[in-house]
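Reviewing the structure listed below.
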Amino acid sequence: MKKFFMILAVVSVVGMLASCNGNAKASEYANEETETTNVEANVEQDNEESAPEPETYYHYSDYQITLPTEKWEVNIAYSNSGIRKKGSKLEFEVKHWDSPSLEETISKYPAESRHDDIVIGDYTWKVFTDDNDYFKMCCYIYNTEKKYVVRVATDNITDPTNPDLHEVLEGVRFVD
């Protein structure tokens, strides 16, 4: 009988040890799984916060165009760039040419067609509407160092406060 109780005691102790060890391992696995899930969630959150909005980036001669790709398409041709808002008929033409001064370039517009300047960052755009021209609205900036003009023109907009116009103007920059 003593042997029986001794064996029973040993089996009980071994069983308890196995049970405790198993629970400890199960607990470790649960903690690892929770930590892995937390790390994955943090990585996803970091990627969402730090992932920049996709952009189009076009470098054309002495200027570049940078716009969000989910909203805009930019096509480069030999002498100009076409910008189109996806899902609409809104289009812009960006063109540049050498000019001794901005005043010479904009002198063709009558005074009544001039609007208030649009200032975006370091750029002051001169804005004109013209019902007699192919384009209904034209905006100009001038690079004084390289002596050339960049024009953004459209036949779809006549309101200089239009947010799409401002977004396109903001996307056009001189490059060194």
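In what follows, every heavy atom counts, from backbone to side chain, and hydrogens, waters and symmetry copies are set aside.
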| message | Quick check: is Trp125 connected to Val168 through a chain of hydrophobic side chains (ILVMFWY, heavy atoms under 4.5 Å apart)? | response | yes

| His115 and Pro160: which non-hydrogen atoms are nearest, and at how many Å? | ND1-CG, 3.7 Å

| task | Taking the side chain as every heavy atom from C-beta outward, state whether Asp116 and Val127 have any atom pair closer than 4.5 Å. | result | no

| task | Working to the nearest 0.5 Å, report the span between CG of Asn162 and CG of Asn156. | result | 9.5 Å

| query | Lys86 and Glu70: which non-hydrogen atoms are nearest, and at how many Å? | reply | CD-O, 3.8 Å

| field | Any side-chain heavy-atom pair of Arg151 and Phe135 under 4.5 Å | value | yes

| query | Lys147 and Tyr142: side chain to side chain contact (heavy atoms under 4.5 Å, CB included), yes or no, with the steps? | reply | CA-CA 7 Å; Lys147 300 207 179 291; Tyr142 187 72; 3.5 Å; yes

| Do Lys136 and Asp130 have side chains that get closer than 4.5 Å, going by heavy atoms? | no

| said: Walk me through whether Ile65 and Ser81 qualify under side chain to side chain contact (heavy atoms under 4.5 Å, CB included). | reply: CA-CA 9 Å; Ile65 303 169; Ser81 304; 3.7 Å; yes

| field | Minimum-distance pair of heavy atoms, taken over all atoms of Asn80 and Glu93 | value | ND2-OE2, 2.7 Å

| Side-chain ion pair, Lys71 and Asp164, N-O less than 4.0 Å | yes

| Between Asp117 and Lys126, is there a salt bridge with N-O shorter than 4.0 Å? | yes

| query | Taking side chain as C-beta onward, heavy atoms only, is Thr66 less than 4.5 Å from Gln64? | reply | yes

| task | For Thr105 and Ser99, test the side chains for any donor-to-acceptor distance below 3.5 angstrom and give the result as yes or no. | result | yes

| task | Step by step, work out the side chain to side chain contact (heavy atoms under 4.5 Å, CB included) result for Ile83 and Glu91. | result | CA-CA 6 Å; Ile83 300 173; Glu91 295 181 351; over 6 Å; no

| query | Do the side chains of Val172 and Ile106 join up, straight or via other hydrophobic residues, at under 4.5 Å, putting them in one cluster? | reply | no

| request: Verify whether the ring centers belonging to Tyr63 and His96 lie closer than 6.0 Å. | output: yes

| query | Would Val74 and Ile141 show up in the same hydrophobic cluster when neighbours are defined by side-chain heavy atoms closer than 4.5 Å? | reply | yes

| query | Under 4.5 Å between any side-chain heavy atoms of Leu169 and Cys139, yes or no? | reply | yes

| Hey, are the side chains of Cys138 and Tyr109 touching, using non-hydrogen atoms and a 4.5 Å cut-off? | yes

| query | Is there side-chain contact between Leu90 and Trp72, with heavy atoms separated by less than 4.5 Å? | reply | yes

| query | Considering all heavy atoms of both residues, which atom of Lys85 and which atom of Ser88 are nearest to each other, and what is their separation? | reply | O-OG, 3.1 Å

| said: Using the rule that Ile, Leu, Val, Met, Phe, Trp and Tyr join whenever any side-chain heavy atoms are under 4.5 Å apart, tell me whether Phe128 and Trp97 fall into a single cluster. | reply: yes

| message | Membership question, hydrophobic clusters at under 4.5 Å side-chain separation (ILVMFWY): are Val152 and Tyr140 in the same one? | response | no

| task | Would you indicate whether the side-chain heavy atoms of His166 and Ile118 approach each other to under 4.5 Å? | result | yes

| remark: Nearest heavy-atom approach of Val94 to Val150 is CG1-CG1, 3.9 Å

| said: Please verify the inter-ring angle class for Phe174 with Tyr148; under 30° counts as parallel, over 60° as perpendicular, anything in between as tilted. | reply: perpendicular

